Amino acid sequence: MGQPSLYVVATPIGNLADITLRALDVLKRVDVIAAEDTRVTVRLLGHYGIATKLMAMHEHNERHVAQRLIDLLANGKSVALVSDAGTPGISDPGAIAVALVREAGYPVVPIPGANAAISALSVSGNTARHFLFHGFLPQQQTARRRELAVLSNLQYPVVFYEAPHRVVETVEDMVGAYGAERTISVARELTKLFETVHVCALGDVAAWFAADANRTKGEFVLVVDGAGAPAMDMDMPRRTLEILLRELPLKQAVKLAAEMSGGKRNELYRMALEIKKVESGQA
Ligand code: SAM
């Protein structure tokens with residue numbers, strides 16, 4: 001495998017076929033795989049006939065296991081890190097081990113693949129150029145509402161992870177923070193048998209859940225639209241120009257009005273000539 005390295009390997013988020021050829025090759029060839037839950041990973045490895053040794057690494061023993069990984073690397077071994085599903089370190093353990101291994105001087109290599117947030121965003125139809133990945137909200141309602149109130153003013157979509165037993169109360173809190181008009185994309189059970197993507201107004205989502213009890217089962221990603229840019233004041237360039245023309249020569253007024261209003265200089269020039277014409281009574 002070349003230089004002893006830590007490979008951070010993305011695994012499927014449902015459909016076992018969603019794993020890259022490179023990920024399978026790495027999982028086969030490393031000496032040890034540190035896995036969030038070895039029972040989950042053993043199923044994946046079994047499916048692909050991979051017999052690599054596993055080591056449990058979860059939230060509560062990550063530092064300790066990271067030290068064991070560093071010892072293995074020091075002995076010339078290569079190791080991989082996987083979580084139960086998707087990309088390690090994304091709302092999953094992994095980041096601490098990555099930092100400690102790098103600090104110890106060993107290369108950390110990403111093996112990219114499935115991720116629930118990006119999958120949900122890719123089928124949301126959201127045309128925004130930016131987004132915020134927020135992951136899980138607090139479980140406690142007051143803290144959750146506070147966090148949503150802050151997020152609701154952002155102009156770009158926000159991507160949330162949510163557990164099935166909280167999804168209904170979370171979307172209710174979202175209506176409170178964002179209002180009923182905002183669009184939400186509910187991505188449920190992606191890549192699995194009951195995959196569902198439902199896009200609607202936030203005000204309609206509770207009724208959609210209530211219409212079929214199965215709709216609240218499984219794993220969820222919620223993508224909520226951004227607040228949108230403030231409405232453009234179409235008259236602003238003209239009003240700016242009118243004021244500046246009272247005090248300044250035409251060329252200078254046009255230049256400043258373009259800078260202040262963001263309007264196009266040639267259009268403002270034409271407008272300025274028009275204003276002057278009206279003022280002189282020639283129009
Ligand atoms: N590391 C993972 C990733 O890269 O997406 C995320 C792990 S996080 C502990 C698990 C959460 O991701 C779930 O509660 C759910 O919100 C979301 N998730 C994972 N798999 C999903 C799927 N197949 N469909 C929808 N959401 C999913």
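The model shown is predicted, which means the values in this text are computed figures rather than measured ones. Along the sequence shown, residues are numbered consecutively beginning with 1. Ligands are counted one by one from 1 in listed order, and the atoms in each one are counted from 1 as well.
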Would you call K255 and E259 a salt bridge, using N to O less than 4.0 angstrom?
yes
So, does A85 sit close enough to ligand 1 that a heavy atom of it is under 4.0 Å from the ligand?
yes
Rounded to the nearest 0.5 Å, what's the gap from CD on E189 to CZ on R215? Could you check?
14.5 Å
Tell me the contacting part of N115 for ligand 1: side chain, backbone, both, or neither, using a 4.0 Å heavy-atom threshold, strictly below.
both
Examine the proximity of ligand 1 to K192 and report which part, side chain or backbone, both or neither, has a heavy atom under 4.0 Å away.
side chain
Among non-hydrogen protein atoms, atom 9 (C) of ligand 1 lies closest to S91 O, 3.1 Å
Mind checking whether F136 has a heavy atom under 4.0 Å from ligand 1?
yes
Which of the ligand 1 atoms, numbered from 1, are nearer than 4.0 Å to a heavy atom of V221
25 (C), 26 (N)
R182 with D225: basic N within carboxylate O range, under 4.0 Å:
no
Under 3.5 Å between any N/O of Y161 and any N/O of ligand 1: does that happen in this structure?
yes
Considering distance alone, does some N or O of A187 sit under 3.5 Å from an N or O of ligand 1?
no
Taking 4.0 angstrom as the limit and counting only heavy atoms of G86, give me the atoms of ligand 1 inside it, by number and element.
3 (C), 4 (O)
Side chain to side chain contact (heavy atoms under 4.5 Å, CB included) test vs M55 passes for just one of L69, N61, V79, L81, namely L69
When you compare ligand 1 with A117, is there at least one nitrogen or oxygen pair between them that comes in under 3.5 angstrom?
no
Please confirm whether the ring centroid of Y161 lies under 6.0 Å from the ring centroid of F136.
yes
Distance, nearest 0.5 Å, that separates CG of L44 from CD1 of I50:
7.0 Å
Determine whether the side chains of S83 and D92 contain a donor N or O and an acceptor N or O closer than 3.5 Å.
yes
L190, any N or O under 3.5 Å of ligand 1 N or O
yes
Relative to ligand 1, is F220 under 4.0 angstrom through side chain, backbone, both or neither, heavy atoms considered?
backbone
Does N126 reach the main-chain N or O of V223 with its side chain, forming a donor-acceptor pair under 3.5 Å?
no
Can you list the atoms of ligand 1 that are under 4.0 Å from a heavy atom of D92?
1 (N), 2 (C), 7 (C), 9 (C)
For Q3, is there any backbone N or O sitting under 3.5 Å from a side-chain donor or acceptor partner on S5?
yes
